[in-house]
Participant: 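Sharing a structure below in structure tokens format, with a few things to ask.
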Protein chains: 2
Amino acid sequence: MKRPSEKSQAAVTMRDVATQSGFSPATVSIVLNNAPLARYIAPATKKRIEDTAKKLGYRPNAMARFLRSKRSHSVGVLFFDITDPFCTLIMRGVENALYQASYLAIFADAHNQRNRFERYLELLLERHVEGLIVVANWLFVDIHVLADLSKRNIPSATIGWELPGNNISSVMVDNETGARLALEHLHQLGHRKIAFIRGPKMLIDSAPRWRGIQKFAHGAGLEIDPALVLQLPESLDPNSSFESGYRYTEDLLEQRKKFTAVMAFDDLTALGAIRALTKAGVKVPEHCSVTGFDDIALSSLAAPSLTTVRQPMEAMGALAVNIVMDGINAALEKRDWNVVNQKMNPELVIRDSTRAVSLTGGDD
Amino acid sequence: MKRPSEKSQAAVTMRDVATQSGFSPATVSIVLNNAPLARYIAPATKKRIEDTAKKLGYRPNAMARFLRSKRSHSVGVLFFDITDPFCTLIMRGVENALYQASYLAIFADAHNQRNRFERYLELLLERHVEGLIVVANWLFVDIHVLADLSKRNIPSATIGWELPGNNISSVMVDNETGARLALEHLHQLGHRKIAFIRGPKMLIDSAPRWRGIQKFAHGAGLEIDPALVLQLPESLDPNSSFESGYRYTEDLLEQRKKFTAVMAFDDLTALGAIRALTKAGVKVPEHCSVTGFDDIALSSLAAPSLTTVRQPMEAMGALAVNIVMDGINAALEKRDWNVVNQKMNPELVIRDSTRAVSLTGGDD
DNA sequence: TGGTATTGCGAAAGCGATAACGTAGCTTGA
DNA sequence: TCAAGCTACGTTATCGCTTTCGCAATACCA
């Protein structure tokens, strides 16, 4: 039994510290915040104040502070779907960078629902977040959100996602390069008959990755067989691509198409493809190589471990924070600041799911 | 270029709505919050106020509201390590339940570091979170934290973790039952020589799971060969158990121990074990069955998909929120409330990593 | 010696909202 | 007929903190 009557001892306030230490609240504030004016405060006074603050167990009331100073020391982080494995390390990166700056993150998860996204945005704005980070890869949000943000002068950045007519900063992986890296790798291993599972149109990543593939193929004289090119269906469930990868690969096998490698849109698709291949008795990587994209946590743990293109997710999260913090500081110092649209370099991670094409394989 | 000089239009305040609509701030407050007194406000007045609020794009200032009402409408959620796959669905459950209640979650990630934990706790208390949820499975935090919390009368709950001398609510899976379910399953499949990989002592889950195993073994007359019982090392890295599972299983195989099944402490350990078995040419499940615990996202995607004991993680998150909310409401209504220590029922999820013991196998 | 800087601190005005209390006019019942 | 209660709002006092302004005193310089 918890009795609320346990004398919910009114929190000790700054005024308490002031009267106890014999100074005014103003001085206490200046000392405890180490404000510029603290230069002029006598060391003895500082000590007295700090000591009594500690003795009383004073804890500043953030709300009062925020109300007065108009700074909330928090930034909103809006995820489109937190169960997407892509998000985990981004969270880590964001959280860590904010922690360094003594900011707190208010995470929100839109569950891929537009109205939920907007409701959360509203809640975050009411709380006067000083900045906003939006993590998504769906082409969902339209311009009016941006309008609201820039009118209110809230520094924002998107991760894995970009708004057209960029008035808003963004951090993305260089998808085109990433796709090229993977394909180049397969090509170097001797693969010529490669099946491609493209991403859904809805995803902003899909087009540039395909472009990277086409450019490399063109440059290297690699022929892309249209019959080996598939495209994932539109879906809101981030984990559905495993299913799709499985089914599409199964279809290819049933149609007796010849290929020695599958380049999948992302890791989950690749894992689905591997599952289908294995089930059909096609060994990976002995008979068929598979590549993914993202390097989510699973990929190194899967059997076989997945060769994939890593997005530097923690770094992307940290960079987004830095961009936003720069915006915040700029506004504070009444400087100008720039919208930045940064493309991060992906990294090819070679594991066990790719191998040089076998001579006994179907590579005519 | 972003010019800060874009007339950062001072946010429209309640006073603006008041003067514009011709009523007093108090009335505006009552109407917009639909406070009890709103019964007495003329419908026409309500409409006028609501209309002008909408017209001006009024958005309440949460900080001012919080300062006055002493309610922050947010609860802190303290994770020990957010990269632990165990956490993802808990986050989802917590977030969703809070969303229903129009509360916002302030997530914090302690990175398994005690000082970081304490710093975050401090930050959360400064923000006057109305409740606190701590997600962990390490026996890390000691009593003085609890003392602080209950003195400040902040309803709290832990997930996957329990404090001794329980003055604080907790939500855990019934580990003993879960372990029994898994072992029972293996036993029914005919397995008699079973290797066990126990959890590290540091984890609170380890002991009850082992107890469940022992009890079932005793009841069923199953003999546990001490040579087949291993224990994971203490480690702070949630993903290290894959490595350990791999290595330990490798050791068992090298020592030519006979066993037809491995019951691993958790899913990652199980996946590591499977990897070692597969690498050594022992097929799962044909030659050896493997079970895990948790049912993290990977488990259904792995090859073979993992038979495991599911923790109802979303439900656990939601329940923790409900417990905390009940505490908050109780305090508000000056009711008493109870500390609850809830054990949730685990569920056996049978997939492809377990099979009836083969006659040709090594089961003498 | 007088004037300017530097040092050391307090008084008071809010930040934007809510809650307690007032103040009317009007209805109702005995 | 008049106290009591309901209806429909407005006044005012904070909530706990920051910040600007202001006032002294002491130090410095010419």
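Just so we're clear, the structure is a prediction, and the values are computed from it rather than from any experiment.
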Participant: Rounded to whole angstrom units, what separation is found between the CD atom of B:Glu126 and the P atom of D:dG16?
Facilitator: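 After rounding, the gap between these two atoms is 15 Å.
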
Participant: So, is A:Arg65 near the phosphate of D:dT18, with a side-chain N or O under 4.0 Å from OP1 or OP2?
Facilitator: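 Looking at the OP1 and OP2 atoms of D:dT18, one of them is under 4.0 Å from a side-chain N or O of A:Arg65.
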
Participant: Is any side-chain nitrogen or oxygen of A:Tyr58 closer than 4.0 Å to OP1 or OP2 of D:dC17?
Facilitator: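 So the side-chain polar atoms of A:Tyr58 do come within 4.0 Å of the phosphate oxygens OP1 or OP2 of D:dC17, strictly under.
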
Participant: Taking the minimum atom-to-atom distance to the side chain of B:Tyr40, which one of D:dT7, C:dT7, C:dA13 wins?
Facilitator: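 Nearest nucleotide to the side chain: D:dT7.
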
Participant: In whole angstrom, give the distance that lies between atom CD1 of A:Ile41 and atom C1' of C:dT6.
Facilitator: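 So the two atoms are 13 Å apart, to the nearest Å.
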
Participant: Nearest 0.5 Å, what's the CG-OH distance between A:Leu124 and A:Tyr120?
Facilitator: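 A:Leu124 CG to A:Tyr120 OH: 9.0 Å, rounded to 0.5 Å.
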
Participant: Give a yes/no on whether any side-chain N or O of B:Ser69 is located under 4.0 angstrom from OP1 or OP2 of C:dA17.
Facilitator: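 No, B:Ser69 has no side-chain N/O under 4.0 Å of OP1/OP2 on C:dA17.
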
Participant: Taking only side-chain N and O atoms of B:Thr27, does any of them lie within less than 4.0 angstrom of OP1 or OP2 on D:dC9?
Facilitator: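 So the side chain of B:Thr27 is outside the cut-off, no N or O lying under 4.0 Å from OP1 or OP2 of D:dC9.
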
Participant: Below 3.5 Å, does any donor atom in the side chain of A:Arg39 face an acceptor in the base of C:dT7, or the other way round?
Facilitator: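 It does not, because no donor-acceptor pair links the side chain of A:Arg39 to the base of C:dT7 below 3.5 Å.
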
Participant: May I have the distance from A:Leu67 (atom CG) to C:dG14 (atom P), rounded to whole angstrom?
Facilitator: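 Interatomic distance, CG of A:Leu67 to P of C:dG14: 14 Å.
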
Participant: In whole angstroms, how far is the P atom of D:dT19 from the CD1 atom of A:Ile30?
Facilitator: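 To the nearest whole Å, that distance equals 9 Å.
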
Participant: Hey, does the side chain of B:Lys70 come within less than 4.0 Å of C:dA19's phosphate (OP1/OP2), counting only N and O?
Facilitator: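 Checking C:dA19 against B:Lys70, no side-chain N or O comes under 4.0 Å of OP1 or OP2.
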
Participant: Could you say whether A:Leu37 or A:Met14 is positioned toward the 5' end of DNA chain D, judged by the nucleotide with the nearest heavy atom to each?
Facilitator: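 First, find each residue's nearest nucleotide; the 5'-ward one identifies A:Met14.
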
Participant: With a 4.0 Å cutoff (strictly under), does any side-chain N or O of B:Asn61 reach OP1 or OP2 of C:dC15?
Facilitator: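 Result: no.
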
Participant: Ignoring backbone atoms, establish whether A:Ser29 has a side-chain N or O less than 4.0 Å from OP1 or OP2 of D:dT18.
Facilitator: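 For D:dT18, OP1/OP2 do have a side-chain N/O of A:Ser29 under 4.0 Å.
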
Participant: CG of B:Leu32 versus P of C:dA17: gap in Å, rounded?
Facilitator: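 In whole Å, C:dA17 P lies 10 Å from B:Leu32 CG.
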
Participant: When you measure from the side chain of B:Ala42, which nucleotide among D:dT19, D:dA8, C:dT18 comes out closest?
Facilitator: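 Selected nucleotide: D:dA8.
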
Participant: Send over the distance from B:Phe66 CZ to C:dG16 C1', rounded to a whole Å.
Facilitator: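 Interatomic distance, CZ of B:Phe66 to C1' of C:dG16: 13 Å.
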
Participant: Distance under 6.0 Å and angle within 45° of the ring axis: does A:Arg48 meet both against A:Phe23?
Facilitator: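 Here A:Arg48 fails the 6.0 Å and 45° test against A:Phe23.
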
Participant: For a salt bridge (charged side-chain N to carboxylate O under 4.0 Å, His left out) check, start with the C-alpha distance between B:Asp51 and B:Lys46, then their side-chain angles and the critical distance, and finish with the verdict.
Facilitator: CA-CA 8 Å; B:Asp51 286 355; B:Lys46 287 187 187 174; over 6 Å; no

Participant: Hey, which sits more toward the 5' end of DNA chain D by its nearest nucleotide, B:Ser24 or A:Met63?
Facilitator: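 By nearest-heavy-atom nucleotide position, the 5'-most residue is B:Ser24.
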
Participant: A:Ala26 near the nucleic acid: base, sugar-phosphate alone, or nothing, with a heavy-atom cut-off under 4.0 Å?
Facilitator: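 Base, at least one base heavy atom under 4.0 Å.
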
Participant: Contact class for B:Phe23 vs. all strands (heavy atom < 4.0 Å): base, sugar-phosphate, or nothing?
Facilitator: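 Here B:Phe23 touches the backbone only, sparing every base.
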
Participant: Compare side-chain N and O positions of A:Thr13 against OP1 and OP2 of D:dC15 and report whether any pair is under 4.0 Å apart.
Facilitator: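 Checking D:dC15 against A:Thr13, no side-chain N or O comes under 4.0 Å of OP1 or OP2.
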
Participant: Provide, to the nearest angstrom, the distance between the CZ atom belonging to B:Arg48 and the P atom belonging to D:dA8.
Facilitator: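 Distance check: B:Arg48 CZ to D:dA8 P gives 15 Å.
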
Participant: Would you call the rings of B:His73 and B:Phe66 parallel, tilted or perpendicular if under 30° counts as parallel and over 60° as perpendicular?
Facilitator: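 Parallel.
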
Participant: Out of B:Phe107, B:Trp161, B:Phe117, which residue meets the ring-ring contact (aromatic ring centres under 6.0 Å, His included) rule with B:Phe79?
Facilitator: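 Testing B:Phe79 for a ring-ring contact (aromatic ring centres under 6.0 Å, His included) against B:Phe107, B:Trp161, B:Phe117 leaves exactly one candidate, B:Phe107.
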
Participant: Should B:Lys55 and B:Glu50 be marked as a salt bridge (charged side-chain N to carboxylate O under 4.0 Å, His left out) after you check the CA-CA gap, both sets of side-chain angles, and the distance that decides it?
Facilitator: CA-CA 8 Å; B:Lys55 198 185 68 190; B:Glu50 277 156 3; over 6 Å; no

Participant: Within this structure, what is the CZ-to-P distance between B:Arg127 and D:dG16, rounded to whole angstrom?
Facilitator: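 Rounded to the whole Å, the gap is 18 Å.
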
